[in-house]
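Comments concern the structure below.
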Amino acid sequence: MRLANELYRDSAVTAPSSSPTSAISSVSPGAPDTFAGIPGGVPGTAGSRSIFPDSFAAFPTEKPDNPGLAGGYPLATTTAHAPIHADQVEALGPPGSGNALDSGAHQQDSNEVYPFGEPRCNGSFRAREAYADTVESSPLFYFLREGDSRTGLRGQEPQAGPPLSGLEVDTIRKDFPVLHQRVHGHPLIWFDNAATTQKPRSVIDATSRFYSRDNSNIHRAAHALAARATELYEGGREKVRRFIGAADTKEIVFVRGTTEAINLVAQTYGRTHIGRGDEILLTVMEHHANIVPWQFLAEQTGAVLRVAPINDAGELVLEQFVPLLGPRTKLVAVTHVSNALGTINPVETIIGMAHAAGVPVLVDGAQSAPHFPVNVQAMDCDFFVFSGHKIFGPTGIGVLYGKAALLEGMPPYQGGGNMISDVTFEKTTYQGIPQKFEAGTPDIAGVVGLGAAIDYLSSLGMPAIAAYEHELLEYATQALSSIRGLRPIGTAAVKASVLSFVMDGLSNELVGRHLDRYGIAVRSGHHCAQPAVRRFGLEGTVRPSLAFYNTRDEIDVLVRALHDLRRR
Ligand code: PMP
C-alpha cells in the first residue's frame, strides 16, 4: 500500500501535457512510476514503501513545532507492534466480564449496557440466530429502520493509546473531549471518521467564543462586533486558501458542505456549459453527492452521464477511463478518495488527461482533505470541494474552490442578500466572486470553527498525519486479515483511512451492532456509494475508518471483537 504523498509526487511526474494521445502514452509501459490500474504501471501492492522527505517537498510546509508531534515530520518507520491473530485471542466473555476486550471497564447498569440481554452464546446456529434477532429488534437502533426519524444517543468518559511514529497520539487525544467517554461500559472507539470526525477542544471553544463575544452579522454594519465577525469570517477564508494551496481567497466559496458545493457547480457551471448530448464523466466509486446532482443536470439539459469502471481491487481502470473522455465530454467529476473503498485516485493524472482534451475537472475532496496535504494549484483541478465536519470542524460548513476564471463565468446559485451589488425591480447586479455565490447570512460560526480546525491540523502537520494514518491503515489491514471469513472490499495499492469488509454469513448491520456493544463505532451499509458497493456484488459493507487520533490498541480491540463474533 502506498502513501498518498508518494503518489502525489509520482503522478506529478507522469501527468501528461499535450493531447489525449500523448496523455495515454505517458502512462504506458515504461512510464517511470505510475499507478496500478494504469497500463504498464508499477502495481506496488505489497507492503509499504519508505517515505522520503522529498515526498513532501511539493506541499506548503507546516509548523514543525507542534507539541503533539514527536521529532517533527515526515517519518514512518515500521513498528514492532504486531497485529493480533486468532490463536492469540482468548475466548471472550461479555463486555465488562474482565475478558480480553475489556480494558478495565465495569458496567454500572447491566440493563443499559446489555440492551440485547446477555450477549454471550454458545456458537450454535440457533444461538447465533437468536443473537442476531435480539440485536436486530433492539429499539436502540430505530434510526436504521426506514421511516423512523427519532433522534438521540448517549455515552460518557476517558481513554488513551500508544503513539505510532510521528504523532504523540496520547497527547493529541486529550484535545478531543468526545473520545473520553464509555459506551456500553467500554471506552469509545471512534472508527466512523469517514462519516464525520470528532472535534478538538479548540474548535469547540472557537465556536463558543464567537457566540459568547463576537456574534454579529457580517459585511454590512459599521460597528465593532460587525468588524470583528467580518474579520473572523474572512480570516477563515484565508485559512482555507492556505490549507488547500489556492492562489486567491476569491476562489474560496463557503457552502454547507461537499453536497451543496457539487450541486452549486452542477446548477451554475453545468447549466451554462453543458447541454443536450454533452457528457459528464464520473467513476463507479463516486459518493451519491457526486452522482445525483449530475443526474438532475442530465434530466434538465439532456446531457448524458458516462461512468468509468473500477477493477476488483477498487481502482479506477484508466485504460477504460481514457476512451470515455470523448469530444462530447464537458466535465469530469471524480472523487479524490473513495469513502466506501478507501482508494486514492490518481487525480493529477486524470486532470492532465482531461485538460489535454480541454475538459475541466471537479475533484470531490471530502475524503482527501482530512488525511493528506492537498494543493489545488499543484493538482491543477478546476473545482475542489470538501466538508468542514470531515476535517474536524463543525457540521453545516464546507468549501467550494473554483479557479477564478471559471467562477467568474458562472451565474449565481441562489439570489438574496449579501450576493448583490445593486437591486432595482428592473435589474439586479451581483457582487464579484466569491460573494456572488454566498446569498443570505452564512454560517459565520461555522467558518470560525472551520478556521480553528485548519489551525489545529496545521499545528500537527498534514504530512505527519498522512504518515501516521498510513502506518495505522497497514497495521489494521494486516490485523483484519487474521479473521476467518472476513473479505476486505477495496484493496487498492494506494489507499487512505477506510477498511471496508464483509463477513461470511453475518449481516453488516449485525456486525456493526456487535461492535457497538464494545464501544466501537463503525459504519455498516452502503455508505451513500451504492454503485461502488454493488460493483462487488454487495448491498453494503462494514466500514471502520481511521483518523489520526486512532491507535493500534483500538485496532486490536476491533480485531478481538471480530474474532469473538466469529466464534459465536
Ligand atoms: N463525497 C464523499 C467522498 C463523501 O465521503 C461524502 C460524505 N460521506 C460526501 C461527498 C458528502 O459530504 P457531505 O455530506 O458533508 O456533504
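Quick note: residue numbers are just sequence positions, from 1.
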So, does [X] use its side chain to make a donor-acceptor pair with the main chain of [Y] at under 3.5 Å?
X      : Y      : result
Lys436 : Glu408 : yes
Thr258 : Ala366 : no
Lys250 : Ile433 : no
Thr395 : His389 : no
Glu539 : Arg534 : no
Thr301 : Leu297 : yes
Asn550 : Ala547 : yes
Ser338 : Thr343 : no
Lys427 : Phe425 : no
Thr283 : Met285 : yes

task = Could you check whether the rings of Tyr233 and His219 sit parallel, tilted or perpendicular, using 30° and 60° as the cut-offs?
result = perpendicular

task = Decide yes or no on side-chain contact (heavy atoms from CB on, under 4.5 Å) for Met353 and Leu325, but give the supporting numbers first.
result = CA-CA 8 Å; Met353 292 191 293; Leu325 200 53; 4.1 Å; yes

Hey, is [X] close enough to [Y] for a salt bridge, meaning N to O under 4.0 Å?
X      : Y      : answer
Lys330 : Glu279 : no
Glu231 : Arg228 : no
Arg242 : Asp455 : no
Glu315 : Lys495 : no

query = Which value, rounded to the nearest 0.5 Å, describes the distance between Thr197 atom OG1 and Leu546 atom CG?
reply = 13.0 Å

query = Once you round to the nearest 0.5 Å, how far does CD1 of Ile454 lie from CD1 of Ile391?
reply = 4.5 Å

request  = Name all residues meeting the side-chain hydrogen bond (donor to acceptor under 3.5 Å, both in side chains) criterion together with Ser202; count only those two or more places apart in sequence or in a different chain, and write none if there are none.
outcome  = none

key: Working for side-chain contact (heavy atoms from CB on, under 4.5 Å), residues Glu348 and Ile351   = CA-CA 5 Å; Glu348 295 84 359; Ile351 292 164; 5.7 Å; no

Using a 4.5 Å cut-off on heavy atoms from C-beta on, say whether the side chain of [Y] contacts that of [X].
X      : Y      : result
Phe386 : Val240 : yes
Leu457 : Met462 : yes
Ile310 : Arg535 : yes
Thr207 : Val448 : no
Thr249 : Glu234 : no
Val399 : Val253 : no
Val334 : Val361 : yes
Leu331 : Thr329 : no

ask   = Under the side-chain contact (heavy atoms from CB on, under 4.5 Å) criterion, do Val304 and Asp278 qualify, and how do the steps go?
value = CA-CA 6 Å; Val304 179; Asp278 287 341; over 6 Å; no

Would [X] and [Y] count as having a side-chain donor-acceptor pair, cut-off 3.5 Å?
X      : Y      : result
Ser497 : Ser545 : no
Asn217 : Thr441 : yes
Gln267 : Gln300 : yes
His336 : Ser368 : yes
Asp380 : His355 : yes
His527 : Thr541 : yes

remark   = Ala532 and Phe536 have their tightest heavy-atom pair at O-CD1, 3.2 Å

For Val498, the option from Arg523, His371, Arg543 that meets side chain to side chain contact (heavy atoms under 4.5 Å, CB included) = Arg543

ask   = For Asp205, which residues count as a salt bridge (charged side-chain N to carboxylate O under 4.0 Å, His left out) partner, sequence neighbours excluded?
value = Arg201

inquiry  = Between Asn375 and Ile244, does the side-chain contact (heavy atoms from CB on, under 4.5 Å) criterion hold? Intermediate values first, please.
reply    = CA-CA 5 Å; Asn375 188 305; Ile244 60 170; over 6 Å; no

ask   = Can you pull the ring pair (Phe, Tyr, Trp, His ring centres under 6.0 Å) pairs that have at least one residue in residues 390-420, sequence neighbours excluded?
value = Phe392-Phe548, Phe392-Tyr549

Trace of the ring pair (Phe, Tyr, Trp, His ring centres under 6.0 Å) decision for Phe437 with Phe254 = CA-CA 8 Å; Phe437 298 107; Phe254 287 121; over 10 Å; no

